[in-house]
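Numbered from 1 within each chain, the chains take letters A, B, ... in sequence-line order.
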Amino acid sequence: MPELPEVETTVRALKPKIEKSLIKTFELRNKNLRWPVSSNLAKILISKRVTSLSRRAKYLIVNLDSEYLLIHLGMSGSLRYLSNNISPQKHDHWDLCFENGMLLRYTDPRRFGSIHYTKDFKNHFLIKSLGPEPLSDAFDENYLYKISRGREVPIKTLIMNSRIVVGIGNIYACEALFDSSIKPTKKAKRITKNDSKALVAAIKKVLEKAIKAGGTTLRDYLNPDNSPGYFKVELQVYGRGKEDCLKCGRILKEIRMNNRSTVFCPNCQR
DNA sequence: CTTACCGCCTGTCGGC
DNA sequence: TGCCGACAGGCGGTAA
């Protein structure tokens with residue numbers, strides 16, 4: 001399950017491999033991803049050069065000299081940089097093949113991921129409404145405090161809203177709220193300035209920690225070179241419902257919010 | 001405008 | 001042992 005740290009790790013790993021590479025072909029085996037993959041893509045991409053690779057939210061941005069590919073890994077997607085003599089498997093939906101005999105292979109069993117081509121990624125429908133990056137200076141305690149005023153939704157729902165701040169999935173929302181001692185169900189409009197300060201700091205902390213750990217949030221994620229990351233991030237609450245709180249020892253509670261599993265400590269988080 | 005809910009998918013897991 | 005339903009959940013679209 002690629003969260004922002006996995007996407008960031010993927011970008012860092014692929015950057016030196018594919019930047020400056022010349023595209024030879026794009027081979028599409030299954031166009032039925034989250035959004036149907038454009039059938040024009042193969043034609044468009046022939047002989048284009050990758051000028052840079054970056055990330056916006058959980059999208060990988062492949063810059064082709066002012067044209068762009070937007071790639072999302074969805075729930076189960078991954079990218080690997082491989083030699084072109086390795087046969088694709090069942091869930092390998094497309095290959096971006098380079099002149100040097102290597103390729104970028106997209107694998108995604110659940111097909112929640114996507115790939116789009118655009119000349120103007122900033123105004124692309126998937127990008128234009130996104131809020132600030134959580135690790136940027138724009139995402140600070142004042143921003144979160146102000147934008148949470150008057151909001152009836154739970155604070156957990158708010159920080160998972162990509163119009164408010166991008167890249168915070170269910171796992172890191174639970175972890176950051178635990179770290180900042182805020183109950184997930186607390187109404188956004190009720191968070192204090194101190195809450196906002198603690199939560200922003202916690203979000204940056206857990207994301208940065210996971211990136212430093214090599215982006216390995218969950219069991220089956222592999223980096224583009226097939227390495228499993230350096231070590232797993234120890235999750236404090238996610239997936240630990242009914243287990244002991246690592247701060248106070250009491251029993252962690254698991255509830256559902258917006259149909260998502262939500263774990264917190266009723267004692268530590270208020 | 002905000003909020004709540006739907007649907008897309010398949011591998012994994014627990015229960016019988 | 002094998003079947004089957006529940007679950008996992010990012011996120012845009014839609015309706016209220």
Side-chain angles (χ1 to χ4, degrees), chain A residues 1-10 29-38 55-61 70-79 88-94 106-116 118 121-134 144 146-177 184-191 203 207 210 215-222 235 237-242 254-264:
Chain A
M1 298 178 192
E3 296 256 352
L4 185 143
E6 283 82 356
V7 179
E8 180 63 26
T9 302
T10 298
R29 284 177 291 272
N30 188 347
K31 68 177 176 59
N32 301 116
L33 303 185
R34 171 69 171 85
W35 306 97
V37 180
S38 167
R55 179 187 62 74
R56 174 74 174 103
K58 292 180 189 169
Y59 293 91
L60 291 98
I61 314 292
L70 312 182
I71 300 169
H72 199 287
L73 302 178
M75 289 296 303
S76 58
S78 62
L79 287 165
Q89 306 291 307
K90 188 179 176 185
H91 301 299
D92 295 342
H93 306 309
W94 55 254
Y106 181 73
T107 308
D108 188 0
R110 286 156 75 177
R111 309 209 305 272
F112 275 26
S114 62
I115 178 167
H116 284 86
T118 178
F121 92 89
K122 286 184 178 171
N123 291 309
H124 191 268
F125 79 104
L126 294 171
I127 301 291
K128 66 180 178 190
S129 302
L130 296 176
E133 288 288 326
L144 183 62
K146 281 185 182 165
I147 207 162
S148 60
R149 294 311 83 189
R151 297 274 185 165
E152 296 286 341
V153 288
I155 186 63
K156 179 179 181 240
T157 306
L158 189 83
I159 62 172
M160 289 180 69
N161 180 346
S162 64
R163 287 171 177 257
I164 305 292
V165 56
V166 300
I168 303 172
N170 194 44
I171 297 170
Y172 289 110
C174 291
E175 294 297 312
L177 286 161
T185 52
K186 189 169 184 173
K187 281 191 178 184
K189 67 180 184 182
R190 301 282 181 225
I191 67 164
I203 288 167
L207 292 176
T216 310
T217 309
L218 288 176
R219 37 269 172 192
D220 56 359
Y221 182 78
L222 290 179
L235 299 174
V237 284
Y238 183 82
R240 299 193 61 246
K242 295 190 182 129
E254 181 158 4
I255 60 172
R256 295 195 75 76
M257 291 178 63
N258 305 105
N259 213 25
R260 288 183 180 87
S261 159
T262 304
V263 186
F264 68 100

Inset, instruction - Answer yes or no: does a side-chain N or O of A:His91 lie under 4.0 Å from OP1 or OP2 of B:dG11? - result: yes
Inset, instruction - For C:dG10, take OP1 and OP2 only and decide whether either is under 4.0 Å from a side-chain N or O of A:Tyr172. - result: no
Legend entry - Proximity to the side chain of A:Lys90 - top-ranked nucleotide from B:dG11, C:dG10, C:dG13: B:dG11
Inset, instruction - Would you confirm whether A:Arg55, through its side chain, and A:Ala57, through its main-chain N or O, come within 3.5 Å as a donor-acceptor pair? - result: yes
Legend entry - A:Glu254 vs A:Lys242 side-chain heavy atoms within contact, under 4.5 Å: no
Inset, instruction - Map A:Met75 and A:Trp35 onto DNA chain C by nearest heavy atom, then report which one ends up closer to the 5' terminus. - result: A:Met75
Inset, instruction - Starting at atom CD1 of A:Ile147, determine the distance to atom P of B:dT3, rounded to an integer number of angstrom. - result: 11 Å
Inset, instruction - With heavy atoms under 4.0 Å as the rule, sort A:Ser261 into base, sugar-phosphate or nothing. - result: sugar-phosphate
Inset, instruction - Whole angstrom is fine here: how far is it from CZ in A:Arg56 over to P in C:dG10? - result: 18 Å
Legend entry - Nucleotide B:dG7, atom P - distance to CG of A:Asn32 in whole Å: 19 Å
Legend entry - Spacing between A:Leu4 atom CG and C:dC11 atom P, to the nearest angstrom: 10 Å
Inset, instruction - Give me the ring orientation class for A:Trp94 and A:Tyr106: parallel if the planes are under 30° apart, tilted from 30 to 60°, perpendicular past 60°. - result: parallel
Inset, instruction - Give one of base, sugar-phosphate or nothing for A:Arg256, where a contact means two heavy atoms less than 4.0 Å apart. - result: sugar-phosphate
Inset, instruction - Can you tell me the distance, in whole Å, between the OH atom of A:Tyr59 and the P atom of C:dC11? - result: 6 Å
Inset, instruction - Please report, rounded to the nearest Å, how far the P atom of C:dG12 is from the CG atom of A:Asn258. - result: 15 Å
Inset, instruction - State, with a plain yes or no, whether a side-chain heavy atom of A:Val166 is found less than 4.5 Å away from one of A:Glu133. - result: yes
Inset, instruction - Among C:dG12, C:dG10, B:dA4, find the nucleotide with the atom closest to the side chain of A:Val153. - result: B:dA4
Inset, instruction - Please indicate yes or no: is the ring centre of A:Phe112 less than 5.5 Å from the centre of the six-membered base ring of C:dG10, with the two planes inclined by under 30 degrees? - result: yes
Legend entry - Minimum side-chain heavy-atom gap A:His93-A:Asp108 below 4.5 Å: yes
Inset, instruction - Give a yes/no on whether any side-chain N or O of A:Arg163 is located under 4.0 angstrom from OP1 or OP2 of B:dT2. - result: no
Legend entry - Atom-pair distance (CD on A:Glu152; P on B:dA4), nearest Å: 9 Å
Legend entry - Nearest-angstrom distance from the residue atom CE of A:Met160 to C1' of B:dC5: 14 Å
Legend entry - Along DNA chain B (nearest heavy atom to each residue), the more 5'-positioned of A:Pro154 and A:Arg260: A:Pro154
Inset, instruction - Report the residue (A:Arg111 or A:Arg34) whose heavy-atom-nearest nucleotide on DNA chain B is the more 5′ of the two. - result: A:Arg34
